[in-house]
Amino acid sequence: MSTYTKSVLKIVFLIQLFSMNSSGQERDCLVCTFPLTPESLKPGQADACEDLYAAACVSANGKYKYQDIIKKEQAKIKKPVVDARNKAAQQMGYKDFNDALKSKLKAAGLTIKSSPDKEAWERLVNPDNFLSINGDADKIYETAQQCGKEKSELNAIPSYLLTEPAELKNIVHRYQTFQTKYKELSIKYNAQDIPNFVDQFGWRCKNLKTAGSSLPKSKDDPRLVQECANIPQLKRQETELFREEGSEGYQRKAEQFIRSHIVMDTSLGSVSLQTPVKSPPKSEVESLRDKIKLLDESITDTCNSYDSIVTNAGKKVTSDLKKEIARSRVTVESLIDSAYSPERQKLAAGIAQSAKNDIQDLVGSLVKDPKKRGDILEGYGDLKISWMQKPEASSYTKDSNGVEVLNEETAGKNLNGSARTAFFDPELSFFTSINAFYNPAGSTGKEKTDEQVTMQPAILSILDENPYAFLGAIAHESGHKIDPYISYINGYDLSGECEGLLNCYRDSKSIKLGIGQSGETMADYYSSEVLAREIQKLPQEQRKQALMSSMEIFCLSDVDINMSPFNEVHPETSLRIGGIYGANPSIRNVLGCKNDSSKFKTCGLNVSILDAPMVNPPTKDSGATAAKGAK
Amino acid sequence: MIKLISVAVLLLSFRTFAEPSTPDLLLDISFEKNHMHHRYSIKEVFDKGSTYVLSFTDERQKTQSMKISEDQARSIKNRATRIIWENLYRKPASSTNCLVYVTLKTDSEQTKICKDNAVLVGESYGFLNALRGAFR
């Protein structure tokens, strides 16, 4: 009897054993309870056996199947964070988070317009990234809008038509009042964020010189040049102020510091109104008109500069509120309750166990070295899914506003896993990023971390409506334990065992595997084997839909890259779906595919699973490749 | 003569402050996790006035770049500066070994955020996530 046949018999035995419970009845089929996604039931652009990507992600009319639900999915992912922030704001005595933010902005002197631009407000509250947040001040804040209005009124004055010195003096006064007003307001807002002010001042100093030269331009304001040279000496005062931020008296001290030491942006400061010494004598009217002309030029950029300062002040207030809310007990517990419910934990654990069983089954064929195989099989027994727990009551302290928040001092020691850091990110991105990862066991000093798979909340939320997609994802992450790189870290190098299969993927008729993509590709392959084993428990007529349902995360990432958890070490989505999952012989067998795909070379280990007959066994000619160790 | 020396000292001190070691590099962020090395940078490019380029180099050393406005460059640098200041000036000195989570460097300051600093690792995580979002 060949080793291969022995392995198959052993697997069949093990499966029979596992499929019976203690009373001898057939074990519940977990996947049989999973719903199929509506998208998987829609006709695709191709049959799953021909091109799984085109079947799962693209409609018959050529449009993305998931196009219509992308916004709903995005909102669903963000909802727990929105809800948690609202709850925390309510506990702080506000109607909701928006109400709290408006109130905090107002307290900082930033009154919101009666009808702020909705999109601009959304960009302030939930910025997608840094590139979508600037230039919104006049759409949100009364003061920024007012600046533009007052400037336009000044610009519209026909001073050249006026002949009375009194009238012209009045106009000069209006310009000066305008400048003084916005200079004072700028000092107030700048004082709220000293690091930013210093940074912006450094920016102005940098702009004093032309590229490649360290010398100031001759026309540079000499006082500014001198202040720039003094910056190193001012650093001590700046950092002392920074340490005092938020304390009583801080604002007054910070404003005083800015007034004393820093030359304001000329567009916000006063301009020299002296007429040139050698110019011929002018009448009072002419002199006043010259002054007005100079003032008119000087306020050209006033509101632009002011908008930047107001924008930054608003972002600072928003960020401070988000920081406080993110680490508040209400937010922490609300997010943990919503993402890590006992129901989800039970289902996730069941799915993870199925995936581990299937991978252990595969390991029996892949790894011939008994020592390595034993280590791996045993190691899978210990592999856990990380499941965030609510911090102990002693992990919290009250902040200066009386809000119960995570104690910064003890967070490093008292909190575990992702909870150690997730709530110190004001954006709470851990809860909205679609991501999952495998961590090998590690240790730092005497502190040890367990080997575990982390499925971030956005992936956990998929469990509710599409457990198939969760199955594919957790199988992928669990598969990393035996990918060619991490298996080495884990003490059982499988690079040799994987090489034959990876060579198949390198082929131009397959996915043209790129440098650095081997680990992710093997994890995909293991995931595809798990899916094959699970899907074959379903009636034949549901298998294609189940497989297409499991591809949801891939399909969503293709519609909107922001939904993508994948970085560059993963092959491109259509190649992953079509060339790894769709070209896996085990999957093709359980789907009942009669021929190889015309698009992708069939690549997989020479393994047989359960009761699925090898309707299309891989051959050398068809390109199916057995990894060295599996032969 | 004294006046001349004062000017010379002024110019020298200006040079010390204003000239970064790499003249056009405004921000450089280096992050490594699970053997994946990511790097973000903002460079000022002088070409008929200043333009700003945000770059991201991934774990395969592939670099993507995009032009950003001065306001956007300032906004990103501002967030980096705040994290740097919080690390440099708000936490007590530590004698423990630092396992580096992320290195942040601007044209005037730099710092390493250690993994044991849960608060700043959390803040940096959000910052890195937002930077990554710019390239999606």
Side-chain angles (χ1 to χ4, degrees), chain A residues 127-131 133-135 193 195-196 198-200 202-203 205-209 211-212 214-216 225-226 228-232 239 242-243 308 311-312 315 408 411-412 415 420-430 433 437 439 444-445 485 514-516 561-562 564 567-569, chain B residues 9-11 13-20 23-24 26 34-36 44 46 50 54 58-60 62 66 68-72 74-79 81-82 84-86 88-90 97 99 106-108 115-127 129-134 136:
Chain A
D128 285 335
N129 61 57
F130 293 109
L131 308 182
I133 197 169
N134 292 303
D193 189 355
N196 178 62
V198 172
D199 208 35
Q200 302 304 321
W203 206 283
C205 292
K206 186 172 64 64
N207 288 341
L208 280 174
K209 59 190 179 67
S214 61
L215 298 175
V225 172
Q226 187 159 7
C228 289
N230 282 341
I231 280 191
T239 53
F242 177 66
R243 287 199 191 99
S308 293
T311 297
N312 181 67
K315 284 198 300 193
E408 290 185 14
L415 305 177
R420 272 188 80 232
T421 57
F423 300 101
F424 294 111
D425 165 17
E427 299 304 328
L428 293 163
S429 355
F430 179 81
S433 311
F437 46 90
N439 276 118
T444 309
Y485 301 123
I515 294 165
I561 199 73
N562 286 315
S564 173
N567 55 26
E568 293 65 26
V569 289
Chain B
V9 167
L10 181 70
L11 292 177
S13 54
F14 177 82
R15 185 187 178 97
T16 308
F17 162 71
E19 183 124 282
D24 59 353
L26 300 179
N34 294 346
H35 309 286
M36 287 197 321
E44 185 176 8
F46 302 100
S50 291
L54 173 64
D58 67 27
E59 52 271 41
R60 291 192 295 160
K62 189 179 144 199
M66 65 170 77
I68 56 174
S69 68
E70 183 173 331
D71 272 354
Q72 288 167 334
R74 285 177 184 226
S75 174
I76 295 170
K77 189 166 173 253
N78 172 27
R79 185 139 169 210
T81 300
R82 180 157 274 273
I84 291 172
W85 278 45
E86 283 184 17
L88 291 177
Y89 310 123
R90 270 199 184 153
N97 288 333
L99 288 171
T106 65
D107 48 356
S108 55
K115 284 182 183 170
D116 64 350
N117 188 336
V119 177
L120 288 185
V121 167
E123 284 189 29
S124 305
Y125 173 85
F127 181 41
N129 208 55
L131 283 170
R132 188 71 188 88
R136 288 190 189 278

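So you know, we letter chains A, B, ... as the sequences are listed, proteins then strands, and number each from 1.
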With a 4.5 angstrom heavy-atom cut-off, which part of A/N312 approaches chain B: side chain, backbone, both or neither? side chain

Measure the shortest side-chain to side-chain distance between A/P195 and B/Y89 over non-hydrogen atoms and say whether it is less than 4.5 angstrom. no

A/T421: partners by side-chain contact (heavy atoms from CB on, under 4.5 Å), with sequence neighbours left out: B/A118, B/V121

Can you tell me which portion of A/T239 sits under 4.5 Å from chain B's heavy atoms? Options are side chain, backbone, both or neither. both

Counting only non-hydrogen atoms closer than 4.5 Å, does A/Y485 touch chain B with its backbone (N, CA, C, O), its side chain (CB onward), both, or neither? neither

Which atom of B/R79 lies closest to which atom of B/F127, heavy atoms considered: NH2-N, 3.5 Å

Salt bridge (Lys or Arg N to Asp or Glu O under 4.0 Å) against A/D199, all qualifying residues, sequence neighbours excluded: B/K77

Just so I understand: if I count every heavy-atom pair under 4.5 Å between each of B/N117, B/T81, B/V119, B/I84 and chain A, which residue has the most? B/V119

